[in-house]
There are 2 protein chains.
Amino acid sequence: MSRVLNRKPNISPEVQKRVNDSIKKLDYRVNLRAKGLVQKSSDIIGVIASDITNPPISQFIEAFASRLHENSLGILLGNSGNDIRKEFEFIDLFVERKARGIIYTGKEITEEHVHKLNDCPIPLLVVSQEHEQLKCPVVVFDNYQASYDVVRLLLEKGHSRIGFISCPIEDKHAGLLRQRGYRNALKDVGIAFEEPLLQYADFTMESGYLAAERILEQAKELPTVIYGATDQIAIGALKCLRDKSFRVPDDIAIFGFDNIPVASKLVPSLSSVNLDHYEMGYFSADMLLKMAETSGVGIKKVIFSHSIILRESCR
Amino acid sequence: MSRVLNRKPNISPEVQKRVNDSIKKLDYRVNLRAKGLVQKSSDIIGVIASDITNPPISQFIEAFASRLHENSLGILLGNSGNDIRKEFEFIDLFVERKARGIIYTGKEITEEHVHKLNDCPIPLLVVSQEHEQLKCPVVVFDNYQASYDVVRLLLEKGHSRIGFISCPIEDKHAGLLRQRGYRNALKDVGIAFEEPLLQYADFTMESGYLAAERILEQAKELPTVIYGATDQIAIGALKCLRDKSFRVPDDIAIFGFDNIPVASKLVPSLSSVNLDHYEMGYFSADMLLKMAETSGVGIKKVIFSHSIILRESCR
DNA sequence: CTGAAAGCGCTAACAA
DNA sequence: TTGTTAGCGCTTTCAG
């Protein structure tokens, strides 16, 4: 029976029909677990995400899942809420379920993570994060360069007082690197870093709002532009400015990062850095699949390109 | 060994230690598939979503997944992109994997769906959709009433020319019922329905923009408010109005539906109907778990409450 | 209390 | 070409 089900060659049509009839009659369904048990391979991939509610992440997962589905693979979803304990539990779970591979799209890679991830006995791909001691391949955007580019562009446009709202630097890419791009761009043109112009937020719009308030309060002199490390932050900052009756971009301009779908529909529409998370999702799926097939693809890091999109919030 | 692993009673500490040592030494991991095979029950739930990129859906899934994780269950994600073929494939896949249950959060329930869903041999819960012939329980918001309430409120505020941008009516809840609420509220106060004031969009902001443009072009007389069947639509419409230099809400007000996170951060902030998708997610998880345990919970339909949130876009 | 054996549903290998 | 059997890794049952 197994033979006709799996379309093996050399089966007489007579048997084929007989089996197919019984299958229909008995309403037979394969038990994929039993199948996996004997074949020692499952057809699922585990995905660890910090927050699927976050547009860049959900876009990535959507693309990733779609490509996986084309290859008849399913996805086991682990939403961690940034809780390291949960993330480790998911890894264990995925391993115990014999997933073909794991995608890690968390927000932070601690020393603990490094150990856990390096110990992972199944193919692993880290997305949008990295760490020197991490052995698995990573797929990233060049967040440092992109952020540096933004600030240089702002400078060229005559903005010399640039407020920046950073993500937590525990997030190496969205946090540390974007902030470093900001700092270095200023340094490279000889502008002194001013403490009050850099404030911290997390990944919510609300925290962006609050951080913008702090910039407004603490700055010795008002910035001419506020640049948020994510669009969510920028949206919060934009709201804050409008609530306080600043004109955007005339009084203070706004710049974001990620180009989430709503960015182009805001009033004023939000200038941002476009990162193609769909593209990254498709690619990551292909890459992880290849890793699972060939046990290692000789790739250490893949860097995707970005582009800057100027809209009304910052001309 | 199985005994010590699963904390069965009556095991001498000596054996316990011996086994635990070996486990550590050999870096042993359970094989959950083998375990599931013999126990005939898995610890996963299948989730079918049309588009995890859509905030209400991702919020629901996040809450749902979080509650599931508390109960040590994993989630298999099926993102269908609204493709009925994929949805059916996911159902088969979940069944073959012996998932404990399935959540269906698609956008449409066709006759075909009804058959497929009614045939499903494992517990099934349908979210935000319904169909007369569907046998499984459903969990919904009262979209008709909510929409009716919005329009009555608009009427009370003096808006007699209300433009409405509908979702496709194939989506019974977000489409048909919200539109019906609009139509009936008008009818109940004796206002004639005007064809050009009702336009259709899908679930994107872009389509909301375009639909708003059509209202503006085709209306014999401009509406004083445009009410979008989703926040995404309303955001697109808002953008359209602003692009055409209408003042919102002074010239034309805007009303949305869903109260997605960004609604409160727009300028002007968006009036909307608040639906607690997190709450719904938690509840659905509990309910599905109960269904899986007791094979049926004697519940046919659960209706969650909604509330109207007035913000700047419509005072 | 513990070791050994049966069997979950499947596929691969081996006979027939 | 086809029927049969071993065995995947686990839990449960049955002896011991």
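Chain letters run A, B, ... following the sequence lines, proteins first, then strands; residues in each count from 1.
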Asker: Ignoring the backbone of A:V38, work out which of D:dG3, D:dT2, C:dC10 is nearest its side chain.
Answerer: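 Output: C:dC10.
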Asker: If you check the A:K35 side chain, which of C:dC1, C:dT11, D:dG9 turns out closest?
Answerer: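 For the A:K35 side chain, the nearest candidate turns out to be C:dT11.
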Asker: Which listed nucleotide (D:dC8, C:dG3, C:dT2) is nearest to the side chain of B:I11?
Answerer: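 Looking only at heavy atoms from C-beta outward on B:I11, the closest nucleotide is C:dT2.
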Asker: Can you confirm if the aromatic rings of B:Y278 and B:F60 lie within a centre distance of less than 6.0 Å?
Answerer: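 Judged by ring-centre distance (under 6.0 Å), B:F60 and B:Y278 do not meet the cut-off.
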Asker: Once you round it to whole Å, what is the distance between C1' of D:dC10 and NZ of A:K40?
Answerer: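 It is 12 Å, rounded to the nearest whole Å.
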Asker: Return the value, rounded to whole Å, for the distance between atom CG of B:L37 and atom C1' of D:dT12.
Answerer: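 Rounded to whole Å, this separation is 14 Å.
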Asker: Can you tell me the distance, in whole Å, between the CG atom of A:N31 and the C1' atom of C:dG7?
Answerer: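 After rounding, the gap between these two atoms is 14 Å.
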Asker: How many Å lie between CZ on B:R97 and P on C:dC10, as a whole number?
Answerer: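 That distance rounds to 13 Å.
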Asker: Could you check how far CZ of A:R29 sits from C1' of C:dG9, rounded to whole Å?
Answerer: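 It works out to 16 Å between those atoms.
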Asker: Please state how far atom CZ in A:R33 lies from atom P in D:dT11, giving the value in whole angstrom units.
Answerer: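 After rounding, the gap between these two atoms is 13 Å.
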Asker: Tell me which nucleotide among D:dT12, D:dT2, C:dG3 gets nearest to the side chain of B:Q39.
Answerer: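 Nearest listed nucleotide: D:dT12.
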Asker: Between B:D43 (CG) and D:dC10 (P), how many Å, whole number?
Answerer: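 Distance, rounded to whole Å: 14 Å.
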Asker: What is the separation between atom CD on B:E14 and atom C1' on C:dT2, rounded to the nearest whole Å?
Answerer: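 Distance, rounded to whole Å: 11 Å.
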Asker: Looking at B:D43 and B:L73, would you say the former's side chain and the latter's main chain have a donor-acceptor pair under 3.5 Å?
Answerer: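 Here the side-chain-to-backbone pair does not exist.
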Asker: Does the plane of the ring in B:H277 sit parallel, tilted or perpendicular to the ring in B:F141? Use 30° and 60° as the thresholds.
Answerer: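 Rings of B:H277 and B:F141: perpendicular, over 60°.
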Asker: A:H113 and A:Y104: ring pair (Phe, Tyr, Trp, His ring centres under 6.0 Å), yes or no, with the steps?
Answerer: CA-CA 10 Å; A:H113 275 96; A:Y104 179 82; 5.6 Å; yes
Asker: Look at the side chain of B:R3 and the base of C:dG3, then say whether one donor and one acceptor between them are separated by less than 3.5 Å.
Answerer: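 Such a pair exists between side chain and base.
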